[in-house]
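I have placed the structure first, in the form of structure tokens, so that the comments after it can refer back to it.
Quick caveat, the model's predicted, so the values are computed rather than measured. Hydrogens, waters and symmetry mates are skipped; everything else that's a heavy atom, side chains included, is used. Chain identifiers are assigned alphabetically (A, B, ...) following the order of the sequence lines, protein sequences preceding nucleic acid strands; residue numbering begins at 1 within each chain.
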Amino acid sequence: MTTFPPVDEQMSILMRGVDFGDDLTRTNMEKELRARLEKASATGKPLRVYCGFDPTSSDLHLGHTVPLRKLRQFQELGHEVVFLIGTFTGTIGDPSDKESARQQQTLDAAMENARTFTEQAFQVLDRQKTLVEYNHKWLGELSFGDVIDLASNFTVQQFLTRDNFSKRHAKGDPIWLHEFFYALMQGYDAVALNTDVQIGGTDQLFNLMAGRKLMEAKGTEPQVVLTFPILVGTDGTLRMSKSTGNSIGIHEAPGVIFTKVLSLADHTFRNFAELVTRWSQTKIDEMLAEIEAGRLNPQEAKAQLAWEIVSIFHGDEAANQAAEDARRMFEGDIPSDAPEHAIAGAIGLLDLMNEAGLTRSNSEARRLIQQGGVRLNGETVEDAGEEIAHTAGKDQVLQVGKRRYLRIVSA
RNA sequence: GGGCGGGUGCCCGAGUGGACAAUGGGAUCUGACUGUAAAUCAGACGGCUUUCGCCUACGGUGGUUCGAAUCCGCCCCCGCCCA
């Protein structure tokens, strides 16, 4: 028999950040969640909570960590968490986040991605308290008759009302039949797992609700659903996603994460602070107020944000190092993790830049020089034909733009 | 089964015989400015050489033409509509 913190306390933690885009839904879900928590306290039986992730990429990015953080909170309160990997759903492609159909993938590819994916998830989740599941285990077992049975709970109109489907329909773009089944499959996950609560992004509301509907049809009490705002990507507008190329992967090097966060647009601060940090709402509100009042430099705020995020995934030490490197770079100093390149004799600047991977072609290197973006030992280079002398035992520093450095070591 | 439309540079998307390495937007990069690497403004953005020039590129292939991303044949792929 497990004991839980007081229901009010649990509610305040669990409802933080929840966003349905609809007050009525919020009120209902809040009521249902409270009832479930009370029941759990009375019976000593923890709630079963889950969130599904499609293994479409081998790496998790900050966007994935939003629901993971919420699962973690449930774990800390003593509830049971299922980390569900959409090995089956992932092969179909979720239409939720796209206005066009997503690429399908094979089960093998999905399983391969799932491996690294899960490992990374444990940077947020408590490994000991997490049950990992794969939905191909039950979805792959359904017969055609079973599928028809599930489908009979929905109408085509319900699907066509969905924003992303109606837009595509209006534009005359294709809507594949199998995309409709995505919601059914995800809904069936809830039935198969017999869950109490499901977490997801606001874009998942339709799919989560499908789960409720199917559970009702099967005679089980429908799950509570909690949805959270979408994290924007580095472009500041679009949803963070690896395929859009605007993501910050949690596996990326501390220095990379740090500089990516530092160069986010100022207006994304709230979104990131509320969704991916461990900070309290009070702290976030205070920071925003300070920025508003002009007492806190937005860049300083972003530096703290960057430190916090690096610290979550790589620890305090890595965060300190990344912050120090960023500061040095900003002041025009070479960072500690600058790559080195050894030269054996004198070498043409263009060749050196290409060899060291700073540029991909002579044209690109020339262009940078023409634009005044290349410095050698602090001096702006003006002649693209310049040669780098071989100075035995003495390092030289090549800088391209504000962020790229190369330490030239003479062999 | 029938009718129609489409495949262009990292992405989106103009361009229907020469003025096209190819308009525009996004992304990216550089510079200026700024208490930020944000915002804003300016520039760059296939490759080789940088002076002229040359090479590669608009699904594939074969043609027509002095000359094609643009016209024609065949092939591959994709979408919409009607049945």
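Counting any heavy atom pair closer than 4.0 Å across all strands shown, Thr268(A) reaches no nucleic acid atom. The residue Ala301(A) sits apart from the nucleic acid: no heavy atom pair falls under 4.0 Å. Residue Arg375(A) is classed as a sugar-phosphate contact, given heavy-atom separations below 4.0 Å to backbone atoms only. Residue Leu238(A) is classed as having no contact, given no heavy-atom separation below 4.0 Å to the nucleic acid.
Between C20(B) and G46(B), the distance separating the two P atoms is 15 Å to the nearest Å. Comparing C45(B) with G24(B), their C1' atoms sit 15 Å apart, to the nearest whole Å. Separation of the P atoms belonging to G17(B) and U70(B) is 11 Å when rounded to the nearest angstrom. Comparing the P positions of G6(B) and G73(B) gives an interatomic distance of 15 Å, to the nearest angstrom. Spacing of P atoms, U34(B) relative to C29(B), comes out at 22 Å, to the nearest Å. Distance check on atom C1': G9(B) versus U28(B) gives 14 Å, rounded to whole Å. Of the P atoms belonging to U64(B) and G13(B), the separation is 34 Å, rounded to the nearest Å. With both ends at atom P, the span from U16(B) to U23(B) equals 14 Å, rounded to whole Å.
Annotation: Glu387(A), atom CD; neighbour count of heavy atoms from other residues, nucleotides and ligands within 6.0 Å is above 12. Arg278(A) CZ: more than 12 foreign heavy atoms inside a 6.0 Å radius.
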Original post:
Once each nucleotide of nucleotides 41-47 of chain B is scored for protein heavy atoms under 4.0 Å, what B/S/- sequence comes out, 5' to 3'?
Top reply: --BSS-S
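A salt bridge does not link Asp196(A) with Arg48(A): every distance from a Lys NZ or Arg NE/NH1/NH2 to an Asp or Glu carboxylate oxygen is 4.0 Å or more. Under a 4.0 Å N-O distance rule, the pair Arg375(A)/Glu379(A) does not qualify as a salt bridge.
For the pair Met329(A) CE and U36(B) P, the interatomic distance rounds to 17 Å; values are reported in whole Å. In this structure, Met353(A) atom CE and U30(B) atom P are separated by 11 Å, rounded to whole Å.
Comparing C29(B), U50(B), A37(B) against the side chain of Gln370(A) picks out U50(B) as the nearest. Comparing atom distances between the Gln299(A) side chain and each of U36(B), G31(B), C29(B) picks out U36(B) as nearest. In this structure, of U49(B), C29(B), G31(B), it is U49(B) that holds the atom nearest to the side chain of Arg366(A).
Each of Met15(A), Arg26(A), Glu30(A) was scored for a side-chain contact (heavy atoms from CB on, under 4.5 Å) with Leu226(A), with one residue passing: Met15(A).
In RNA chain B, consecutive stretches of 3 or more Watson-Crick or G-U wobble pairs with both distances under 3.5 Å are given as paired ranges: B:1-7 with B:76-82, B:10-12 with B:24-26, B:28-32 with B:40-44, B:46-48 with B:53-55, B:59-63 with B:71-75.
Summarising the geometry of Leu231(A) relative to Gly63(A), their closest heavy-atom pair is CD2-N, 3.6 Å, with the distance given to 0.1 Å.
Scored by the side chain to side chain contact (heavy atoms under 4.5 Å, CB included) test, His61(A) finds His64(A), Met240(A), Ser247(A) as partners (sequence neighbours excluded).
Note that CZ of Phe154(A) is 4.0 Å distant from CG of Leu214(A), once rounded to the nearest 0.5 Å.
Gln186(A) and Asp189(A) share no donor-acceptor pair across their side chains, judged by distance under 3.5 Å alone. Between the side chains of Asp54(A) and Tyr182(A), at least one donor-acceptor pair of N or O atoms lies under 3.5 Å.
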